Amino acid sequence: MCVVRELTKTYPAVRGRRGTPAAPEVRATDAVTLDIRRGEIFGLLGPNGAGKSTLVRQLTGLMRPDAGSVEILGHDIVRHPERAARILAYLGQESSALDELTVSLAAETTGRLRGLEVRRARAERDAVLEELGLTGLAGRPLKKLSGGQRRLACFAAALVGQRPLLVLDEPTTGMDPVARRAVWSAVDRRRAEHGTTVLLVTHNVIEAETVLDRVAVLDRGRVIACDTPSGLKEGVAGEVRVDLVWRESAPLHVPEVAALRDRAAESGRRWTLRLAPEEARAVVATVTGGAAFAALDDFTLATPSLEDVYLALGGAARQGLVRA
Amino acid sequence: MSAVPADALHGAAPAAEERHAAGPADLGPRARLWPSLVAVYRAQLSRARVARIPLLFVATFQSIGIMILMRGVVDGGGEARAVVAGSAVLVVAFVALNLLAQYFGQLRASGGLDHYATLPVPPAAVVLGAAGAYASFTAPGTVVTAVVGCLLFGLPMTHLWVLLAVIPLAGAALAGLGAALGLLAPRPEFATLLGQLGMSAALLLGVLPPERMPQVVRLARDLLPSTYGVEAFARTFGGRPDWGYVLGDLAVCAVVGVISLAVATWAYRRAAVR
């Protein structure tokens, strides 16, 4: 479906000016190689700045790579970037082109510009708005909507004029659970009925685990792993994640707590530990009894997530992924 | 789960098979120029209706205000014709040049062009649709300004119909210029600045009667596309307009319009794929 080989893009160094510091050369995508199969939901997971959006811009023909190849359904996108628009629908992070239109006109115009004739564009618009529960908002301008509703309206525009590949850059940002469900059931329906392939960019590990068939983990422009979410998690299956949140600060006067400090990733009042199950049990016993308990605000014990996979693989960012 | 990372990364087998079995897949339809131009035009016009009406009032009142001010300075005749024609065309410059430059500057800076660039739509349709919508949005303000001007200076309204040609042709020239400036400006602030400067030029060089200007300013005036719209319009206030000259001026507008819209389309292509 989509074959990416050795894709490389380097942003040139920026000379410093007054008020802005100089930035060194950045390799935003570094020899990225991927194979996305027909009909799967393939994810790009990584913290902000990992190169996800840059990679997607190259796959959608919006940016020319310095080196490497992109082939979608047999078409060379590096040589013919204009063909990408006839194969895929892209939901970018920005809605400024549609902001002042009504939901209905945004969807209809997008369908028209995807080559549909008026009647067909209107029929598809009505069907998609109905499917996503947007009919009641059809007459409202996008910029008057909440962030999540606006995102859903842009998603609706992306669905009008069916395409075999959907490229969605963080589609559910700001959405409530109802809207999220609408998005994923719309995606599932298209996959079941038309074999639609989805390339999803996300930094949300929970979403990645629940909706993706396979995921490529990106870190500083490189693919550091690519597998099914559960396949990736097998690598860290022997560990349990313990999160401890202290009321004010950690009770370092308790020797067992002080001993844990070296192994904990600290972030404010939160300590995150990755431990073998029996160690985790001992830690929980320690912090839920005696002097440490008085200082404890909250704790959670969880099986590893893709975030742990990312960190175990040597991912550099400590804060870039979200669990929501 | 049986998938192995190394296999997923390097084994192209499934995708390669797919490719060789089927050959390149059929592409989706291309949006044709005229229908997509109409779609963009319609969308932009609806945008304008919501967001631009207050600005149109500003543009109209600005031009009417200028004419009222100039009434004390000019004493009828050729100068009055120049003032009325210049003020009317100024409305076109305000909306088509200034506001369109700002719109495209912001669209480019915010990444909004990605939306159009990932749709199979000809670049010319996006530029012409937006430019056309902005230009036609100037029509009511231009007509109101022209009528008020005629009443203020006692000019005949016989040939006001020439606005039917002046608005689209001057509109095309100025909107193309505005779109090109907005799309070429490296930052949105520059686009705003260039749009404002363009409008100031149209104001100073178009409204003030040329007879009192130094030679350099007159040269600058000849280089500005709105000048020819102003001249064409001003000539029609005369008792017996020389239609040859009117047509000549309008032809200059049309040529500049074609060139500037072509430049804007090229600038759009350049801005869309970085």
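Because the structure is predicted, anything quoted here is derived from the model rather than measured. The chains referred to below are lettered A, B, ... by the order of the sequence lines, with proteins before strands, and numbering in each begins at 1.
Using a 4.5 Å heavy-atom threshold, the side chains of B/D114 and A/Q93 count as separate.
In this structure, chain B has no heavy atom under 4.5 Å from any part of A/Q162.
Between B/A117 and A/A85, the shortest heavy-atom contact is O-CB, 4.4 Å.
The CG atom of B/L119 sits 13.0 Å away from the CZ atom of A/R86 when rounded to the nearest 0.5 Å.
Heavy-atom contacts from other residues, nucleotides or ligands closer than 6.0 Å to CZ of B/R269 number 12 or fewer. Within a 6.0 Å sphere centred on CG of B/D26, other residues, nucleotides and ligands contribute 12 heavy atoms or fewer. Counting heavy-atom neighbours within 6.0 Å of B/R30 CZ, excluding the residue itself, gives a total of 12 or less.
Side-chain N or O atoms of A/H75 include none that pairs as donor or acceptor with a backbone N or O of B/P24 at under 3.5 Å.
Against chain B, the residues from residues 109-120 of chain A that qualify, each with a non-hydrogen atom under 4.5 angstrom away, are A/T109, A/T110, A/R112, A/L113, A/R114, A/G115 in number order.
Residue with the most contacts toward chain A among B/P29, B/G112, B/P122, B/P120: B/P120 (heavy-atom pairs, distance under 4.5 Å). Contacts with chain B were tallied for A/L88, A/L98, A/D99; A/L98 has the most, counting heavy-atom pairs under 4.5 Å.
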Any chance you could lay out the side chain to side chain contact (heavy atoms under 4.5 Å, CB included) test for B/S46 and A/T102, step after step, and finish with the verdict?
CA-CA 9 Å; B/S46 87; A/T102 62; over 6 Å; no
